[in-house]
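What follows is a set of notes on a single structure, which appears directly below.
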Amino acid sequence: MATLPETPSDLLAPLRREIDEADRQLIQILARRFEAVRRVGALKHAEADQPLLDSDRECRLQAAWIRDAEALGLPAPFARRVLKEILNQSRRLQEALIDPGAARHRLVRCGYQGLVGSFSALAAEHLLTHRTTTPHDLVGYGTFQEVGKALINGEIDYGLLPVENSIGGSIADVNRLICDHALHIVDEEIWQVEQVLAVPPGVTLGELRAIRSHPAALAQCEGFLASLEEVRREPWSDTAAAAESLKEGPAWERRDTGAICSEEAARHSGLQVIARNVADRESNQTRFLLLAREPETPDPRLPCKTSLLFNVGHHEGSLVRALSVFSQARINLTRIESRPLPDTPWEYLFFVDVEGRTDEPPMAAALVNLRACCTHLRLLGSYPCRTNRQDAHLDREPYAGLEPEPEPAACPREPVLEVAAGPAPARTRAVFHIGPVVLGEGRFVLIAGPCAVESREQILAGAKMARAAGAAMLRGGAFKPRTSPHSFQGLGAEGLKYLREAGRQYELPVVTEVLTIEDIPAVVEHADVLQVGARNMHNFALLKELARIDRPVLLKRGMSATIKELLLAAEYLLSGGNLQVILCERGIRTFETSTRATLDLSAVPVLKRLTHLPVIVDPSHAAGDRELVIPLALAAAAAGADGLIVEAHPDPEEALCDKAQALSPEDLMGMTAALRPIVAAQGRTWQ
Ligand code: PEP
Ligand code: MN
């Protein structure tokens, strides 16, 4: 029997079988490669000093791969793209063996915003599978804030939140969450978002009257949506929830609504995908941050990134100066973004990402210099860099041509003092701008006023007196830490109001004490500088909270605190982010009883040798006797104090608090007259 000629469909079937067979082999070959990669990873892991990344080997591999591909007729750009994906995945497989959280967790719980199948859930699954060998559990929450709350409460170990999208830009709510809470960034994930159009099975494109999805996803598919006639856009809480909403109910019955979501969300909700790649741009990437309550130290073998949050003073060139710290250290900046400061309109916080890690010498040196340019600096974390710049390491000369900053050598510093003992004496001393007043090297600042705000009239008269005597700032306690509970405790919130009014009227920035964490918001609202009194120097909970505000803190030495303890208290403020710390020597308890306390003037040069911070002296609480205040004040200026805080009262005999040490207006005038020649002789400016 004669054979019939083969039709195209007869020819197609065996060819398709060949393609299917090639695909099966491709998957098997990839699985074989990744298994070998895993074994290499285990060997590298056993020897901790083995680098995970062998750049030379990767270069050779890439050259051979491209050569082979071209010899077989495959275009080089295509081959390069495939290899990049394979190498990326191989590296992530090896990183998983490092597992930074392994010792801490038996089960890692990670929260995300959305439902199963949302892009956040997919990114979380991918990141956790590749960063931990510990089993993990993913928990979906309704909002970003709920994820943050669960993390802070300890319900979850990590939270993965999207921080920016290559099309839509930055995600303000997540940036705000990071600003407002003491959370740490420990990893990142870059997710290639692939949007599909999903519908209940059997529904066709022509039948659709509505398409629902997260507003950001609808915006990313604007071109595709515009090509569909008479189709409404329905904003939904998230992409996976949009898919889930079509599973049943009226939308399922009407069979006229579709959802833009991930392929996985469509599958999970039993929907059928009728269009793929519906986003306007092919490259649609979202960057997620993995947040934790505690910082983690990334493995030294991984290329890293560091995120920082800082604020600079509101004066010319301050941001440029801060950023130039990185270019001088040849550190690449990968992101900068500003966020308005809620309480001070038109002032901004800056989010900055840089390549490198805080324990590398150039970065550590850059951070020391950055601190001198900022009013507030928070290190959000160093973590493995997963942005698609894997090739960048090939053209980066590690620190070539960079003179490492000399270690601050001369200081007998304790290793625990990392921030307070920052720049060596030869480097920049901190200079703080407090309204019109400049405090720091080369200036002398007098802060004067009564011990306590007693009434509106009293503090207005006190401000007038301070101004007339040449003081630059006004002091006055509204919350008073009294040794006896029966003594006048201050006017509280009312006192703060009077103090601010008096300061405004006489153009004097005001300093007042904050006693408790609860009082911080009210004091921040009314005062320019917050004082931590001697009795509270060891109140670490208060210091930790004050570390988070952007306002100078005048930190008094505790009555029986050593200089090192004072510096460690300052360290709480500095390492928590508040760089505007003014140290104050106010007398300590010794066996001597003829003065209220013993003024330790040696603390002035010692503190100046150990830190870059301004040091002021309070002769009033040390003396406890007005006759002794002036000689001690003159000695403090001569010893190099950057300023004085002195108690003076418009009518000392009527003072409700610390009457014996209150200077009269005339005394105050006399004191400044005697101080000015000392300050002038030192070549300093009277503020
Ligand atoms: C004060 O300055 O009002 C005060 C109470 O000081 P100290 O904390 O130094 O005692
Ligand atoms: Mn006092």
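Counting convention: from 1, in listed order, for ligands and their atoms alike. Index from 1, following the sequence.
- Taking a cut-off of under 4.0 Å to the non-hydrogen atoms of Arg475, the atoms of ligand 1 that pass are 1 (C), 2 (O), 3 (O).
- The salt bridge (Lys or Arg N to Asp or Glu O under 4.0 Å) analysis of residues 537-549, with sequence neighbours excluded, yields the pairs Glu545-Arg548.
- The shortest N or O to N or O distance between Glu513 and ligand 1 is not below 3.5 Å.
- Every atom of ligand 1 with a heavy atom of Lys480 under 4.0 Å away is listed here by number and element: 1 (C), 3 (O).
- The closest side-chain heavy-atom distance from Leu367 to Asn369 is not below 4.5 Å.
- No part of Met559 comes within 4.0 Å of ligand 1, judged by heavy-atom distances.
- Residues His621 and Asp658 have side chains that bring a donor and an acceptor to within less than 3.5 angstrom of each other.
- Scanning both residues, Trp686 and Leu675, for their nearest heavy atoms gives CZ3-CB, 3.7 Å.
- Side chain to side chain, Asp550 and Thr375 meet the donor-acceptor criterion of an N or O pair below 3.5 Å.
- The ligand atoms of ligand 1 that sit less than 4.0 angstrom from a heavy atom of Gly533 are 8 (O).
- What sits closest to atom 4 (C) of ligand 1 on the protein, heavy atoms only, is His621 NE2, 3.4 Å.
- For the residue pair Gln661 / Arg596, a side-chain donor-acceptor distance below 3.5 Å is found, with atom types taken as modelled.
- In this structure Tyr572 satisfies the ring pair (Phe, Tyr, Trp, His ring centres under 6.0 Å) test together with Phe540, sequence neighbours excluded.
- Tyr383 and Ser307 share a side-chain donor-acceptor pair at under 3.5 Å.
- Annotation: Arg535 places an N or O atom under 3.5 Å from an N or O atom of ligand 1; distance criterion only.
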(request) Check the pair Asp618 / Lys556 against salt bridge (charged side-chain N to carboxylate O under 4.0 Å, His left out), numbers first and verdict last. (result) CA-CA 9 Å; Asp618 172 350; Lys556 288 192 149 190; 2.6 Å; yes

(request) Run the numbers on Asn539 and Val532 for side chain to side chain contact (heavy atoms under 4.5 Å, CB included), then give the verdict. (result) CA-CA 9 Å; Asn539 183 343; Val532 173; over 6 Å; no

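- In terms of protein heavy-atom proximity, atom 9 (O) of ligand 1 is closest to Arg586 NE, 2.6 Å.
- Here is the list of ligand 1 atoms found below 4.0 Å of a heavy atom in Lys556: 1 (C), 2 (O), 4 (C), 6 (O), 7 (P), 8 (O), 9 (O).
- Judged as a ring-ring contact (aromatic ring centres under 6.0 Å, His included), not a single pair has a partner in residues 446-465 (not counting sequence neighbours).
- Ligand-side atoms of ligand 1 in range of Ala534: 7 (P), 8 (O), 9 (O), range being under 4.0 angstrom from any heavy atom.
- Residue contact annotation: Arg557 has no non-hydrogen atom under 4.0 Å from ligand 1.
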(request) Just do the side-chain hydrogen bond (donor to acceptor under 3.5 Å, both in side chains) check on Ser594 and Glu592 with the steps written out, would you? (result) CA-CA 6 Å; Ser594 46; Glu592 182 53 68; 2.5 Å; yes

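- Using a 4.0 Å cut-off to heavy atoms of Glu647, the atoms of ligand 1 that qualify are 3 (O).
- Inspection of the environment of the Mn ion (ligand 2) yields the following protein N, O or S atoms under 2.8 Å: Cys451 SG, His621 NE2, Glu647 OE2, Asp658 OD2.
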